[in-house]
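In what follows, a structure is listed as structure tokens, so that the remarks can point back to it.
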Amino acid sequence: MNDLDLLIDLHLRNDRQGPGSDAETRRAIDLTRLNPNKQLAIADIGSGTGASSFVLAETLNGHITAVDFAEPFVERLREEATARGISDRIEPMVGQMESLPFSDAEFDLVWSEGAIYNMGFVEGFRAWRRHLRQDGVIAVSEITWTTAHRPAEVESYWNNEYPGIATASAKLQLVEQEGYEPLGIFFLPCGCWEQHYYEPLRSAFPAFLERNGNTGAARNIIKAEETEMSLYHDYGRWYSYAFYIARKI
Ligand SMILES: C[S@@+](CC[C@H](N)C(=O)[O-])C[C@H]1O[C@@H](n2cnc3c(N)ncnc32)[C@H](O)[C@@H]1O
């Protein structure tokens, strides 16, 4: 297995692959101001195993296309949709977020939790805009500085991991520049990192190491996750995921 396959294997059995929670997904859905009684066409991009797809399906009417480039995540999402009896409302699809197989104006809502960074925040807002109908809404969570100044250690870690990290005001300006009207922004609370993401991930470490023969590559994956967790423990007040909700204009 290469590193990407190992990473997928580590995250596959958990309910979410990044910080978030069902409650915060619902909070973001509220901010879209979309009519929950209308039949909506929704895309969930970088869906992972479908944490947000299932909340979208519970909260809104319509059809959800869930796209992820990791086939095992997409397969698990498909099985779960079938188990929940909603496979007619969720269409899981293997695909690249950089080249989505969608038409212009196909969706009322484009959703993406913790995934847009893979192509870049501006690049995602720019590329996905054409898939939205007039007055369509985009909702994206993205790692964001909570303050204008940060301790050097956390600054250098994240600038190295993700140079696109910025403050919420800088990100909002980009959203506006790309032709959207902001409808809301909020930071994910600490529980979205610790309780809903890091704790289940930590619990998955022993079985992951055993499945993968405790190889150096598998141990390195765990080490990188532990470094990120310890950084969050020490410096989590300086950054979080922020949810950006905006309407196409
Ligand atoms: C941090 S996870 C978030 C997953 C899910 N949205 C959640 O919140 O649980 C990022 C997701 O993006 C997917 N991904 C990464 N690069 C991608 C790409 N180029 N195209 C599509 N999906 C991608 C990963 O497989 C992963 O499922």
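Ligands are counted one by one from 1 in listed order, and the atoms in each one are counted from 1 as well. Numbering starts at 1 and runs along the sequence shown.
Remark: minimum distance from atom 22 (N) of ligand 1 to any protein heavy atom is reached at Phe69 N, 3.3 Å. Nearest non-hydrogen protein atom to atom 20 (N) of ligand 1 is Met97 N, 2.9 Å. Atom 3 (C) of ligand 1 has its closest protein heavy atom at Glu113 O, 3.5 Å.
By the 4.0 Å N-to-carboxylate-O rule, Lys171 lies close enough to Glu142 to be salt-bridged with it. Here Glu123 does not pair with Arg126 in a salt bridge; the nearest charged N to carboxylate O distance is not below 4.0 Å.
Polar contact check, Asp68 against ligand 1: a nitrogen or oxygen pair lies under 3.5 Å apart. Considering backbone and side-chain atoms alike, Gln17 places an N or O below 3.5 Å from some N or O of ligand 1. Geometrically, ligand 1 and Gln96 share a nitrogen or oxygen pair separated by less than 3.5 Å.
Atoms CD1 and CH2, from Ile245 and Trp111 in turn, are 6.5 Å apart once rounded to the nearest 0.5 Å.
Using modelled atom types, one side-chain atom of Ser21 and one backbone atom of Glu24 make a donor-acceptor pair closer than 3.5 Å. Under a 3.5 Å cut-off, the side chain of Glu181 and the backbone N or O of Ile249 do not form any donor-acceptor pair. Listed for the Asn212 side chain is no donor-acceptor partner under 3.5 Å among the backbone atoms of Ala218. Tyr198 contributes no side-chain N or O that, together with a main-chain N or O of Tyr232, makes up a donor-acceptor pair within less than 3.5 Å. Side-chain atoms of Asn14 never come within 3.5 Å of backbone atoms of Arg16 as a donor-acceptor pair (strictly under, hydrogens ignored).
In His11, neither the side chain nor the backbone holds a heavy atom less than 4.0 Å from any atom of ligand 1. Contacts with ligand 1 closer than 4.0 Å are made by backbone heavy atoms (N, CA, C, O) of Ser47 only, the side chain lying farther away.
When the options Gln39, Gln134, Arg133 are evaluated for a side chain to side chain donor-acceptor pair (under 3.5 Å) with Asp108, the one that passes is Arg133.
Every atom of ligand 1 with a heavy atom of Arg16 under 4.0 Å away is listed here by number and element: 8 (O), 9 (O). Taking every heavy atom of Ala70 and a limit of under 4.0 angstrom, the matching atoms of ligand 1 come to 25 (O). Near Asn118, with a cut-off below 4.0 Å to any heavy atom, the atoms of ligand 1 are 12 (O), 14 (N), 15 (C), 16 (N). Interface atoms of ligand 1 facing Gly114, defined by a heavy-atom separation under 4.0 Å, are 1 (C), 2 (S), 3 (C), 10 (C).
Cation-pi geometry between Arg27 and Phe243 is not met: the NZ or CZ atom fails to fall both under 6.0 Å from the ring centre and inside 45° of the normal.
The shell of residues lying under 4.0 angstrom from ligand 1, judged by heavy atoms, includes Gly95. In this structure, Gly20 falls outside the shell of residues with a heavy atom less than 4.0 angstrom from ligand 1.
Looking at Gly46, Ser21, Ala51, Gly18 and measuring to atom 5 (C) of ligand 1, the nearest heavy atom belongs to Gly46.
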